[in-house]
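Data first, discussion second: the structure below is written as structure tokens.
Atoms within each ligand, like the ligands themselves, are counted from 1 in listed order. Just so it is clear, the model here is predicted, and its values are computed rather than measured.
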Amino acid sequence: MTAPLRVLVTGAAGQIGYSIVIRIADGTVFGKDQPVQLVLLDVPQCSNVLEGVVFELQDCALPTLHSVEAVTEEKPAFTGIDYAFLVGAMPRREGMERKDLLAANVKIFKSQGKALAEYAKPTTKVIVVGNPANTNAFIAAKYAAGKIPAKNFSAMTRLDHNRALAQLALKTGTTIGDVKNVIIWGNHSGTQFPDVTHATVKKNGTETDAYSAVGDNAFLQGPFIATVQKRGGVIIEKRKLSSAMSAAKAACDHIHDWHFGTKAGEHVSMAVPSDGSYGIPQGLIFSFPVTIEGGEWKIVQGLSFDDFAKGKIAATTKELEEERDDALKACDDANI
Ligand SMILES: NC(=O)c1ccc[n+]([C@@H]2O[C@H](COP(=O)([O-])OP(=O)(O)OC[C@H]3O[C@@H](n4cnc5c(N)ncnc54)[C@H](O)[C@@H]3O)[C@@H](O)[C@H]2O)c1
Ligand SMILES: O=C(O)C[C@H](O)C(=O)O
């Protein structure tokens, strides 16, 4: 029998947590033949809610769910895990930018970076969902350094990637399966650059580049980019809560592809530590197009940028550098 994977979800009493755990437990993420031991972490004040989630998962009677436990401390949460979905963090409310969460949330990721180093397997793979996701992942990786390699840390821009696919499909009157190879560059924030220069759309049986399929450059360089950049804020305005169903689905897509690999000829967007590719400062957790094989991601190389794209990439890089510096200062100030 296949050995179970031990998978941690933090913030499991929250709204994304509630949508994510069922997909991990029912085999959507790791496959229908892969047993999973789920570990759900939240703060002690949420222990009752967490217990309710455990009861519901038990009541789902899922063949792939080997075990599920609820914990409110880091040691039992992080011990021996193979994958960590780091969701637990404060969400933004109307009128806030994601970086306004930095001071409150970065301390969580300093502490969890240390816990990963102390208790998790050195091979653990981490997705940070809690905002500001890129910078939180940078901090977690920093405090786990020496025990878990930086390449095992990532932040989620798959939701932005999925939003970009959906907007292209809507605009061209196609379906999601017809659109591929959009790219999200940079930060999961309003400065991200959703780029369709290398995307393709299959329409009436013929695959063409996205610019030809849309036939409206002004749309692709204007409203399309703004819609994807601002989608999270619009959802908050409408729901009075931040996106959860779509965020959980994207986190599961991200880990599914990290585990199983990307399809031939396709790349996905994933915020990973820069190795200096495209001139992005080393170590910044920056969203790149990646291909994945054997559990290892590789940044797609050799893509060219026009001046428009260069300007967008410079802006998101600058924001990430500023967030990094603020986060490092907040960590120095935080007595954890
Ligand atoms: N990267 C993305 O694309 C993306 C998308 C949507 C939401 N988010 C972010 O995800 C985070 C969670 O969103 P949500 O809507 O589920 O929020 P939520 O408030 O519904 O749930 C967050 C949960 O985290 C818990 N928590 C807080 N501190 C914790 C800690 N130290 N350890 C464990 N659990 C802790 C809270 O008690 C709560 O149950 C937010 O920061 C949100 O902004 C990111
Ligand atoms: O926008 C937010 O604050 C939530 C999330 O990051 C999103 O993109 O939906």
Side-chain angles (χ1 to χ4, degrees), residues 8-21 39-53 70-78 84-116 127-137 139-140 154-164 184 186-192 194 227-255 269-271 285 287 334 336:
L8 167 67
V9 178
T10 73
Q15 25 153 31
I16 297 176
Y18 192 70
S19 291
I20 234 174
V21 291
V39 188
L40 311 184
L41 173 72
D42 212 293
V43 296
Q45 302 90 293
C46 291
S47 56
N48 255 331
V49 178
L50 214 46
E51 201 178 9
V53 177
V71 298
T72 56
E73 284 173 7
E74 285 177 345
K75 184 174 177 184
F78 286 89
F85 289 75
L86 302 186
V87 179
M90 190 197 285
R92 70 174 164 147
R93 304 275 176 222
E94 246 177 306
M96 291 171 84
E97 288 301 323
R98 296 182 188 91
K99 63 183 162 198
D100 298 335
L101 299 168
L102 200 144
N105 285 345
V106 83
K107 297 173 204 143
I108 297 174
F109 292 88
K110 175 177 179 181
S111 176
Q112 293 183 352
K114 289 180 173 180
L116 278 159
I127 173 174
V128 174
V129 175
N131 277 320
N134 300 52
T135 299
N136 288 336
I139 293 299
S154 65
M156 182 165 97
T157 51
R158 187 64 175 263
L159 176 54
D160 311 291
H161 181 101
N162 288 348
R163 287 168 172 163
I184 305 298
N187 201 2
H188 173 62
S189 77
T191 68
Q192 68 178 265
T227 299
V228 178
Q229 286 176 330
K230 294 181 187 157
R231 190 66 151 194
V234 171
I235 303 283
I236 292 170
E237 201 186 302
K238 303 270 178 207
R239 285 197 345 118
K240 309 298 170 205
L241 285 170
S242 75
S243 57
M245 174 175 46
S246 55
K249 196 281 185 171
C252 293
D253 287 349
H254 175 122
I255 293 292
S269 303
M270 191 163 159
I285 303 278
S287 182
I336 301 166

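Remark: E94 CD is packed, more than 12 non-hydrogen atoms of other residues, nucleotides or ligands lying under 6.0 Å away. Heavy-atom neighbours of K240 NZ from other residues, nucleotides or ligands within 6.0 Å: above the threshold of 12. The 12-atom threshold is exceeded at CE of M96, counting heavy atoms of other residues, nucleotides or ligands nearer than 6.0 Å.
Taking atom 44 (C) of ligand 1 as the reference point, the nearest protein heavy-atom neighbour is V129 O, 2.8 Å. From the protein, the heavy atom lying nearest to atom 30 (C) of ligand 1 is V43 CG1, 4.0 Å. Taking atom 23 (C) of ligand 1 as the reference point, the nearest protein heavy-atom neighbour is G11 CA, 3.6 Å. Nearest non-hydrogen protein atom to atom 15 (O) of ligand 1 is Q15 NE2, 2.9 Å. Shortest contact from atom 41 (O) of ligand 1 to any protein heavy atom: M90 O, 2.9 Å. Looking only at heavy atoms of the protein, atom 21 (O) of ligand 1 is closest to G14 CA, 3.3 Å. Regarding atom 6 (O) of ligand 2, its nearest protein heavy-atom neighbour is H188 NE2, 2.6 Å. Here the protein heavy atom with the shortest distance to atom 31 (N) of ligand 1 is I108 CG2, 3.6 Å. Nearest non-hydrogen protein atom to atom 13 (O) of ligand 1 is I16 CD1, 3.5 Å. Nearest protein heavy-atom contact of atom 9 (O) of ligand 2 is S243 OG, 2.6 Å.
Using modelled atom types, one finds a donor on one side chain and an acceptor on the other under 3.5 Å when comparing Q192 with D160. Between the side chains of E74 and S111, at least one donor N or O sits under 3.5 Å from an acceptor N or O. Side-chain polar atoms of Q229 and R163 form no donor-acceptor pair below 3.5 angstrom. Between the side chains of N131 and N105, no donor-acceptor pair of N or O atoms lies under 3.5 Å. For the residue pair S287 / H188, no side-chain donor-acceptor distance below 3.5 Å is found, with atom types taken as modelled.
In summary, the atoms of ligand 1 found under 4.0 Å from a heavy atom of A13, numbered by their order in the structure, are 39 (O). Residue S242 has at least one heavy-atom neighbour below 4.0 Å for each of these atoms of ligand 1: 15 (O). Here is the list of ligand 2 atoms found below 4.0 Å of a heavy atom in G232: 1 (O), 7 (C), 8 (O), 9 (O).
Atom CE of M270 is separated from atom NE2 of H254 by 4.0 Å, given to the nearest 0.5 angstrom. Here F78 contributes atom CZ and L116 contributes atom CG; the two are 5.0 Å apart, rounded to the nearest 0.5 Å. Annotation: the span from L41 atom CG to T10 atom OG1 amounts to 6.0 Å, rounded to 0.5 Å.
Which of R92, M96, H161, H188 comes nearest to atom 3 (O) of ligand 1 through a heavy atom is settled by distance: it is H188. Residue D42 holds the heavy atom nearest to atom 37 (O) of ligand 1 of all those in I127, I236, D42, L159. For atom 6 (C) of ligand 1, the nearest non-hydrogen atom from the set A155, S243, A104, A137 belongs to S243. When S111, S189, A89 are ranked by how near their heavy atoms come to atom 27 (C) of ligand 1, first place goes to A89. Nearest-residue assignment for atom 3 (O) of ligand 2 (options R239, Q229, R92, R98; heavy-atom criterion): R92.
No part of Q192 comes within 4.0 Å of ligand 2, judged by heavy-atom distances. Contacts with ligand 2 closer than 4.0 Å are made by side-chain heavy atoms of I236 only, the backbone lying farther away. At a heavy-atom distance under 4.0 Å, only side-chain atoms of N131, from C-beta outward, approach ligand 2.
Taking 4.0 Å as the cut-off, Q112 counts as a neighbour of ligand 1 on heavy-atom distance. Heavy atoms of A244 come nearer than 4.0 angstrom to ligand 1 in no pair at all.
No donor-acceptor distance shorter than 3.5 angstrom exists from the side chain of K107 to the backbone of A104, with no hydrogens or angles considered.
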